[in-house]
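Notes to accompany the following structure.
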Amino acid sequence: MIEIYDDFLTPSYHKEILDFVSSGKMEWFYTPNITTLTGPELGLHGFSSHLYDVDRDTPNNPLVSLILPCLFQIQDYLNSPRIIRARLDMTLYHPYCISHQEHTDMDIPHYSAVYYVNDSDGNTIIGDMKVAPKANRVVVFDGDIVHNGHSPCKHNNRIIINSNYDVR
């Protein structure tokens with residue numbers, strides 16, 4: 001299953017998320033490899049911010065409070081009993097639109113979702129399907145499908161919310 005939905009959130013709610021994560025109020029944390037926890041690779045760095053993880057305490061902060069309704073909406077669409085984890089990722093400009101590492105997010109059965117916060121380039125490849133980053137678009141898919149993203153080469157960054165959901 002791979003499904004794409006444009007205009008997923010109401011325009012005003014989407015704008016609130018975009019404005020916050022693009023502002024000086026947003027706390028981003030440097031990540032040497034935006035795809036995996038392996039060592040740094042040239043061009044694969046970016047910034048991320050932890051939103052939710054079922055296995056650890058999630059701090060109550062304005063960002064989490066702002067994003068949780070989006071995650072619940074995806075959860076309801078998938079008819080999933082729970083959110084497993086979620087994070088905000090910012091992939092940075094690279095002049096060669098480099099491809100990031102192919103991966104699955106988890107080793108257990110799950111659904112994955114990518115919500116595109118801003119208009120950008122740097123497609124997400126899910127199996128053999130290309131999904132272009134478009135603000136307020138979400139793509140949901142079976143988590144066992146290998147996927148990867150690309151760094152943008154026409155925009156300064158590509159901001160997504162990556163989230164995973166239980167299939168039980």
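We number each residue from 1, following the sequence as shown. Please read these numbers as outputs of a predicted model, since none were measured by experiment.
Aromatic ring centres of His103 and His147 lie closer together than 6.0 Å.
Judged purely by distance below 3.5 Å, without hydrogens or angles, the side chains of Tyr165 and Ser112 never pair a donor atom with an acceptor atom. His50 and Arg85 form no side-chain donor-acceptor contact under 3.5 Å, judged by distance and modelled atom types alone.
Using a distance-only test at 3.5 Å, with no hydrogens or angles considered, a donor-acceptor pair links the side chain of Ser23 to the main chain of Phe20.
Atom CG of Asp76 sits in a crowded spot, with more than 12 heavy atoms from other residues, nucleotides or ligands closer than 6.0 Å. Crowding of Arg82 atom CZ: a count of heavy atoms from other residues, nucleotides or ligands under 6.0 Å exceeding 12.
For His150 against Arg158, the heavy-atom pair with the smallest separation is O-CD, 3.7 Å. In terms of heavy atoms, Leu78 sits closest to Tyr111 at CD1-CB, 3.7 Å. Of all the heavy atoms in Leu66 and Tyr13, the pair that sits closest is O-OH, 2.6 Å. The two residues Asn123 and Pro133 make their nearest non-hydrogen contact at OD1-CD, 3.7 Å. The shortest heavy-atom contact between Gly127 and Ile125 is O-CG2, 3.5 Å. Among all heavy-atom pairs drawn from His100 and Ser151, the shortest one is NE2-OG, 2.7 Å.
Just one of Asp7, Asp6, Asp119 meets the salt bridge (Lys or Arg N to Asp or Glu O under 4.0 Å) condition when paired with Arg137; it is Asp6.
A continuous path of Ile, Leu, Val, Met, Phe, Trp and Tyr side chains, each step under 4.5 Å between heavy atoms, connects Leu88 with Phe8, placing both in one hydrophobic cluster.
For the atom pair OH of Tyr116 and CD1 of Ile160, the computed distance is 7.0 Å after rounding to the nearest 0.5 Å. Rounded to the nearest 0.5 Å, atoms OG (Ser49) and CG (Leu63) are 5.0 Å apart. For the atom pair NE2 of His110 and CZ of Phe141, the computed distance is 7.0 Å after rounding to the nearest 0.5 Å. Annotation: the span from Ile126 atom CD1 to Met1 atom CE amounts to 10.0 Å, rounded to 0.5 Å. Interatomic distance, Asn136 CG to Tyr115 OH, rounded to the nearest 0.5 Å: 3.5 Å. Put simply, CD1 on Ile17 and CD1 on Ile161 are 5.0 Å apart, with the number rounded to the nearest 0.5 Å.
For residues 50-83, no residue pair satisfies the disulfide bond (SG atoms under 2.5 Å apart) rule, not counting sequence neighbours. Among residue pairs with one or both ends in residues 72-168, those qualifying as disulfide bond (SG atoms under 2.5 Å apart) are Cys97-Cys153; sequence neighbours excluded.
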Do Ser22 and Asn118 pass the side chain to side chain donor-acceptor pair (under 3.5 Å) test, and can you show the C-alpha distance, the side-chain angles, and the key distance before you say yes or no?
-> CA-CA 9 Å; Ser22 301; Asn118 65 332; over 6 Å; no

Run the numbers on Asp89 and Asn162 for side chain to side chain donor-acceptor pair (under 3.5 Å), then give the verdict.
-> CA-CA 7 Å; Asp89 287 333; Asn162 173 260; 5.7 Å; no

